[in-house]
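In this text the structure is predicted, and so the values were computed from the model without any measurement.
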Amino acid sequence: MSTAAVKLVATPFYQELPSDVSMRLDTFLNYILLERVEIVPEQRKWILHLSLSCPVQEEILGLLTESLKKRLNSGNENNGITIEIKTKMSPDVTLELLCQEHWLQIIQDIHEKVPSLKVWLNASVKYEVVKNRLTFFVPSMMAMEYCQLKQDSLESFFRQKYGLEARIFWEIEETAAEEEIYFDAEKEEQKYVEEILSKKPEEKKEKKEQNAVLLGREIKGTPAPLADIHDEEKQVIVEGEVCETEIRLLKSGRQLLSFGLTDKTNSIGCKLFFDEGKKPLEINKGDWLRVKGSVQFDRYTTELTLMPRDMMTVSKTSKPDLAEEKRVELHLHTKHSEMDGVSSIQNMVKRAGEWGHTAIAVTDHGVVQAFPDAAEAGKKYGVKIIYGMEGYLVEDAGTNPVELSRSRSFHIIILAKDYTGLKNLYKLVTASHMEYFYRRPRIPRSLLDAHREGLILGSACESGELMRAILQKKDAAEIKKIASYYDYLEIQPLGNNRFMLKNGEVSSEQELIDMNRHIVSLSKELGIPVAATCDVHFLDKEDEVYRRILMAGKGFADADEQAPLYFRSTDEMLKEFAYLDEEDAYRAVVATPRMIAEQVAEIKPFPDDFFEPKIEGAADKIRDMTMTRAYELYGNPLPEMVQKTLNKELDSIIGNGFAVLYLIAHLLVKRSNEDGYLVGSRGSVGSSLVATFTGITEVNPLPPHYRCANPECLYSEFVTDGIAGAGVDLPDKICPQCGRELVKDGHDIPFETFLGFKGDKVPDIDLNFSGEYQPRAMKYTEEIFGKENVFRAGTISTIAEKTAYGFVKNYLEERKVKYNQTELNRLVSGCTGVKRTTGQHPGGLMVIPKECDVFDFTPLQRPANDTSSDIITTHFDYHSISGRLTKLDLLGHDDPTSIKMLEDLTGLDAKKIRLDDTQTLSLFSSTDALDVTAEEIGSTTGTLGIPEFGTKFVRQMLEDTKPSSFSHLVRISGLSHGTNVWVGNAQDLVLNGTADISNIIACRDDIMIYLIQMGLNSSHAFKIMESVRKGKGLKDEDIEAMKKQNVPDWYIDSCQKISYMFPKAHAVAYVTMAFRIAWFKINYPEAFYATFFTVRADEFDAELICSGVKKCREAIKEIAAKGNNATAKDKNLQTILEIVVEMYCRKIKLRKVNLWESDAVRFQVTPDGLLPPLSSLQGVGETAAASLVKLREHGTIKSVEDIQARSNGKISKTVIETLQQHGCLEGLPDKNQLSLF
DNA sequence: CAGTTTGTCCCGAAGTC
DNA sequence: ATCACGACTTCGGGACAAACTG
Ligand SMILES: Nc1nc2c(ncn2[C@H]2C[C@H](O)[C@@H](COP(=O)(O)OP(=O)(O)OP(=O)(O)O)O2)c(=O)[nH]1
Ligand SMILES: [Mg+2]
Ligand SMILES: [Mg+2]
Ligand SMILES: [Zn+2]
C-alpha cells in the first residue's frame, strides 16, 4: 500500500490499460492522483482511492474500472477480482474554483445524476458562488418548486462527487415562459426512472435478514413435517411458510397474534399473546419460519394449535438450479389455462429468475391472457418472456365446413419470435375464438399457414399431432411428413404420459421411452431440433393438490391421478431423460431450448404509450360549445373565475388528447335525451366545468355562487368566504341588477381530480344510462367511431374464495380426509385465481384510434365464447390495457329509469326540483315529512328506498350526524362508501375529538386540497390522493413528505386505512339524484312507491305482500332472525318489505295482481291503490307475464285451458298454479265452454 | 313413447364502477 | 345481534316443464 499519493500515470495500473482507454484518460492525467489501494480479501475486491483536482466524467471512471477488472481477470486465471473506484476532490479545490474552471463538466454531471434538471440547468444557466453557497437562477416559480425537490440529491451529489459541502440555493430569474418546460421535465424524469427500472431489476430485491431469532432462542433441531402432527405434543420443531395472519385485541387488553403455518404436507394454526401496549411481532404472509413449541388442543377453535416458544426466520427452502448452463422452459400453463393451470405467472417467472433461467415461455391453452402479467413479472425478475400459446390445430385441407367443425383438434405450441409473430398470434387467437370456436378456440391449418411469419411451431404433448400419429402407429412416411411441419419437436418426461398405461393406449413403460427415442431419431433424420419441455401446470410437485381439487370440482373421476406437471430445474430435467444418449439428452434439455429462446426477441405484449382517437375539428367544437354555453349562463365577458377555469381546463383537455372523448360523450348524452331518456352523471368527470357546459355532467364544479337566469341580465356573484360548502346552501338572494331570484349553484371541486396536474392520469368518462337505453348508447358509439374502432372491454372470471371453498370442502369430505381450518384456508387460497370463464365489462368501451390496429393492443373474442352473442370484447381485460387507450364507461343505472318513470307519472320535470328544499332535507334526519313515526316504520330517518341512503348502515350514519345542508349530505355520501372510511376511521376521530366532521376525509379531493394547503408539492399531493383512493395506502416517501409539512399523524393514519374513496363530483351527482327522489317520496308517494317497486324490487313477492302489513312485519322479523344465514335474496326482500310497511303506514293501498288490468312488469297507480304487475308473483317470469298480456290483447281469454294452449309453451303449469293461488283466475272456467253439440 | 334438447325461472358468484 | 359501501350486470348451473326426435 502506498502512503503518498502518486499520479495515476506513474502507477502500474496505468501501464496495464489498453491503449484506447489510456488515450481517453490522457486529458486528465495531470489531475488524477492515486491516494491508496485498499484490498478487501474476503470479497476479492480492490478499491482504488483517487484524488481528483478536476471533475472526471463517470463514463471515464467506468471505463477505467472495467478495463482494469478485465486485465486482472484475463488469461486462464479467472480470479474473480472486482475493482471499485472511490474519488474525492483534492483538498485545495474550492467550490468557487471548481465552478470557474469546470462549469460545463459540472452541468453535465448533474444531468447524468438528475436528468429532469436538464431543462432548467443548462450550460447557460445563471449562477453565483459565494464560499460554499451556490445559487442558481431559474426561469419560474414552477421551476424553482421543482428544483427544490431535487435539492437534496444535488447537495449529496456535490458531496460524493467532489467531496464538497455545497449549499444550493434557488432564485427566480424574471423573464422566461414556464409551463411547457415543467411538462417536459417531468417526462424526462419519467423516462429516466423507467430506464433505470428496466435496466436493473435485481437491485430492487428486498433485503430481509435470514436466520434471525424472533422469539426465544435459536432453534437447533431438525424440523418435522406438519403432516406428522396428529395429537397434542410437549415439544415439536416445524418449519414452513406463513399463510395467514391476524391480530386481535382481547377484552383483557392483551393482543392475540394468530397465524397459519404450512409446509404443504399440512398446515397448523399458531397463537402468540402479547401484553397490553406491547407491539406484537411483525409477521407477514409469505415469511418462512422455524418454530419450536407445544401442540395443544385449543378449546376456542377446537383444533390442535401450535404455541411457539422459540421462533426464527429461515431462508426459503426452494430447490436450486445449480447447472452451469441452464435450461429454458418452452411449454408452460398458468392460471389462465381454463380450470387447468393452477400457478400464477408471477410465481413461475420468479422461480425462473431465482434459478437464473434467461427466458421462460407462456403457453396457455388457446388464450394469451397471461401476457400482461408475464410482461410485468419478466421485467421485475429479469427474465425474458417468450410469448406463446398452446393452440388447438384442426386439419382443414380437403374438408368441408361441417367436417371441419367435427374433426378432432391437436395441441400445438406457437411461439412469437418478434412483433410480426405477436400480431399474427393475436390474429390467430381472434379468429379461433370468433370464427372457429367449437368447445375450444380452434385454428385451421390453412389459417396458421397464412399467418406463420414470425412464429415458431412446436409439436406439443401427447395430444399433439406428432405423438398421436406415433401412438396410432401411422406409417413412417406419414409421421415424417407430420414432423416436418414443425420448427422443433417436443419430448416430455415419462410421467406426463404415464396415464396412457392406465387407459391402455400404451402397454409398457418401455413403449413410452421408445416414443421419445423415436422423436429423437426423427429429429436427427429430418434435421429438426428436439426440445424437452415439462408442460408445466403447477410450480412445485406439491402444488398438484390444487389441480386435483379443481378437477374433482369439475367432476373428473380421475382427478386424483395427477401427472407430475411441475416446473423442473435443469438437473431434474436431465434426469428425466437419462435413458437417452447423454449428448442427445443435453441437447434436448439445454442446448435446443436455449437456441430457440435466443431466436426470440425481447418484445412487449402491447405498447406502453397512450393513444387517443382523433376527429377533425373536435377540439374546436368542444371549445366553441363550451364558450357558447358559458356566455349563455354567465354572460360575456365571463366572470374571471369562470374564464380562468375554462382556460386551464380546455388547455389540459385538448393538450392531453381528451377532446374527442368529450365530444363523443356530449353526443351520447344529446342523443339519449332526444330519445327521451335522461342521463345520470357519474364519476370524476364532474370535476370538469367543460363537462358541465357540454352536458356530460350536471355537476357544476365552480365555487359556490349566484347567477341570474335572466338572459338580459346574467349577473353573477361568487361567494368564496367559505360560509357555504355548496351554492345551494347559500341563502336566497334577489338579483341586485334586475330583481329576479338568483340561481344558486357550484360545488367547489378541483378539476385536477379528473385529469391530474399535467395529464398524469388517464381517466375515463362515466355516464349513467337507463338500463333500457344502455345497449342503444353502445350502438351509437359504434356508429360514430366505426365498428372496427370500439370494443367492449372483456372480463375474466376466476375461481374466487367462495367457489374454491366449496370445491376444497367437497374434495376433502368426499375423501374423508381430516383437516383443520388453516389447511382448508391454505388449500382454498391455492385454488383461487384460476380462470373459469370470460365475460363483458359492465360498460367499458375501449376506443382504438383509426390509425392504429386493434391487434397492436389485444386480440378479440366474444363473451364466454358464446357464438350467438353479437358482442365483441377485448381478449385482455380493461385493467391490463388501461392507460394505453381511451375508455368510455356507459353504465346502466336505475336512477335515470326511476326519474323518468316519476316524471312520466307526475308530469313534472325533476331538474326543476329545488335542491335547497328544507322539507326534503329533513327527510335525511327525520320521518316527520312522511307523517309516520320512527317506531312505525322501524327507521329514524325517512330515507328507506332513497338510493344509497336507505341501508341500515347509511341510515345509522344519518342519525348520528344529522346533516343540515346539501354539502353535508355530500360529505355523508363520501363517508358512507368504501370500507374503513367511517367505521374504524373517521367515526372514531370524530368521537374521540381528534377531528370534526368538517376536517375528516370525506372524499378524495379533500386529500389533495388539504395536502397542497399544508405545503406539499401539488403533484405529490395528487399522487397521494390517487394512491389512497385506490386503497393502496401511503409509501414511505409520502409519509415523510407529509410529516415534513406537519400533517398530523391522525391524518396520515386515516389515509392508510381508507380502502376506497369517492371523488366529490360523484358524491354530488348521486346526492342530487337521491335528493330528487326524496322530494318525490314526500310529495308524490304513490308515484314513488310504484317506481321503486317497478325499478328496484326484483324480489317483490305479491303473494306475501298483498296479505297485509302484519304478515310483512312477521316476514321481516323472520329474515332478521336468520342473521348471518340470510341470503342476498332474503336481504333484498327485507328492504322491500320495510318499504312496503312504510307505504302501508302512509295509508297507501296495494291491490292484488289482476289478470285483466295488471301490466306485465310495471306497477300502476290507480284510484283504488297501487296495482302490482303480473311478474311480481314469484314464479311468473317476464316472458310469461309478457305473453299473458299479449294473449289479453289478442282476443279475450276464455278459460284456463285457453291460456296454456295459446301461449306457445311460454306459460307453464307452474305459472298457472301461481296465478290460481293468488286468485287471478277466479271466475274463469277451466275449459272452454264450447259445446260439442 | 321414452329419451333428449330447449326454454324458463331462479339463484349464487364474480367482476366492475 | 354484532357490524356495516352500494349498485349494477353477466354467467353458469340446477330444477322443472315443454317441445322435439327417432
Ligand atoms: N360505491 C362505490 N362506487 C364506486 C366504486 N368504484 C367506482 N365507483 C363509482 C364512483 C366513481 O366515481 C364512479 C366511476 O368510477 P371510475 O372507475 O371511472 O373512477 P372515477 O371516475 O372515480 O375516477 P377516474 O378518473 O375514472 O379514474 O363509479 C366502489 O368501489 N364503490
Ligand atoms: Mg371515471
Ligand atoms: Mg369508469
Ligand atoms: Zn338579474
Side-chain angles (χ1 to χ4, degrees), chain A residues 554-555 680 682-684 764 766-771 774-775 792-806 832-833 835-844 863-866 869 871 873 877-879 887 889-895 897 946-957 972-984 987 1031 1058-1063 1066 1070 1073-1074 1095-1096 1098-1099 1120-1124 1126-1132 1135 1175 1177-1187 1204 1207-1218:
Chain A
K554 280 241 98 177
R682 160 174 214 140
S684 61
D764 58 356
D766 305 275
L767 295 170
N768 273 348
F769 287 94
S770 167
Q774 191 199 15
R792 192 77 170 268
T795 60
I796 299 165
S797 267
T798 63
I799 300 282
E801 199 96 334
K802 281 184 172 160
T803 311
Y805 201 86
T832 54
K835 176 182 167 188
R836 204 181 33 164
T837 181
T838 54
Q840 43 191 314
H841 191 282
N865 293 318
D866 177 358
S869 170
I871 290 168
T873 70
D877 64 351
Y878 161 63
H879 175 71
K887 167 170 165 256
D889 228 334
L890 313 184
L891 295 143
H893 199 85
D894 286 346
D895 279 358
T897 320
I946 304 301
E948 319 242 319
F949 283 94
T951 65
K952 262 218 164 67
F953 172 61
V954 180
R955 281 186 284 125
Q956 183 64 51
M957 273 185 74
I972 302 281
S973 169
L975 288 164
S976 59
H977 291 90
T979 315
N980 300 323
V981 172
W982 179 244
V983 174
Q987 186 183 34
I1058 290 167
S1059 68
Y1060 171 74
M1061 182 144 280
F1062 272 176
H1066 182 80
Y1070 270 43
M1073 282 301 193
V1095 178
R1096 313 184 114 109
D1098 274 347
E1099 282 87 359
K1122 286 191 195 173
N1124 265 342
T1127 62
K1129 180 191 150 82
D1130 285 337
K1131 285 176 188 158
N1132 287 343
T1135 3
S1175 63
L1177 287 165
Q1178 297 294 291
V1180 181
E1182 287 196 14
T1183 329
S1187 69
Q1204 234 184 317
S1207 80
N1208 276 332
K1210 295 248 165 71
I1211 299 164
S1212 67
K1213 208 172 66 190
T1214 353
V1215 170
I1216 304 254
E1217 279 162 12
T1218 312

Check ion pair A/D766-A/R682 (N to O, under 4.0 angstrom): no

Atom pair distance, as rounded to whole Å: CD in A/E801 and P in B/dG15: 11 Å

Selected nucleotide, minimal atom distance to A/E948 side chain, candidates B/dG15, B/dG12, C/dA7: C/dA7

Residue mapping more 5' on DNA chain C - nearest nucleotide basis, A/P842 or A/N980: A/N980

Touch class at under 4.0 angstrom, heavy-atom based, for A/G1179 against every strand present: sugar-phosphate

A/D1130 side chain to A/T1127 side chain, donor-acceptor N/O pair below 3.5 angstrom: yes

Spacing of A/I871 atom CD1 relative to C/dT10 atom P, expressed in whole Å: 7 Å

pair A/H977-A/E948: side-chain heavy atoms closer than 4.5 Å: yes

Whole-Å distance separating the CZ atom of A/F953 from the P atom of C/dT2: 14 Å

Touch class at under 4.0 angstrom, heavy-atom based, for A/R682 against every strand present: base

Sugar-phosphate, base or nothing in reach of A/Y878, heavy atoms under 4.0 Å: sugar-phosphate

Which atoms of nucleotides 18-22 of chain C (N or O only) lie under 3.5 Å from a protein N or O atom, and what are those distances?
residue : atom : partner : partner atom : Å
C/dA18  : OP1  : A/Q1204 : NE2          : 3.2
C/dA18  : OP1  : A/K1213 : N            : 3.1

Rounded interatomic separation in angstrom, taking OH from A/Y805 and P from B/dA14: 14 Å

Phosphate contact (C/dG6 OP1 or OP2) by A/S976 side-chain N/O below 4.0 Å: no

Separation of atom CE in A/M1073 from atom C1' in B/dC17, rounded to whole Å: 16 Å

Nearest-nucleotide comparison on DNA chain C, the residue closer to the 5′ end among A/Y1060 and A/Q840: A/Y1060

Length of the CZ-P vector between A/R836 and B/dG12, whole Å: 15 Å

Greater than 12 external heavy atoms within 6.0 Å of A/E1182's CD: no

Sugar-phosphate, base or nothing in reach of A/K1122, heavy atoms under 4.0 Å: nothing

Sugar-phosphate, base or nothing in reach of A/N1124, heavy atoms under 4.0 Å: base

Distance, rounded to the nearest Å, where A/D1130 contributes CG and B/dC11 contributes P: 9 Å

Separation of atom CG in A/D889 from atom P in C/dC8, rounded to whole Å: 15 Å

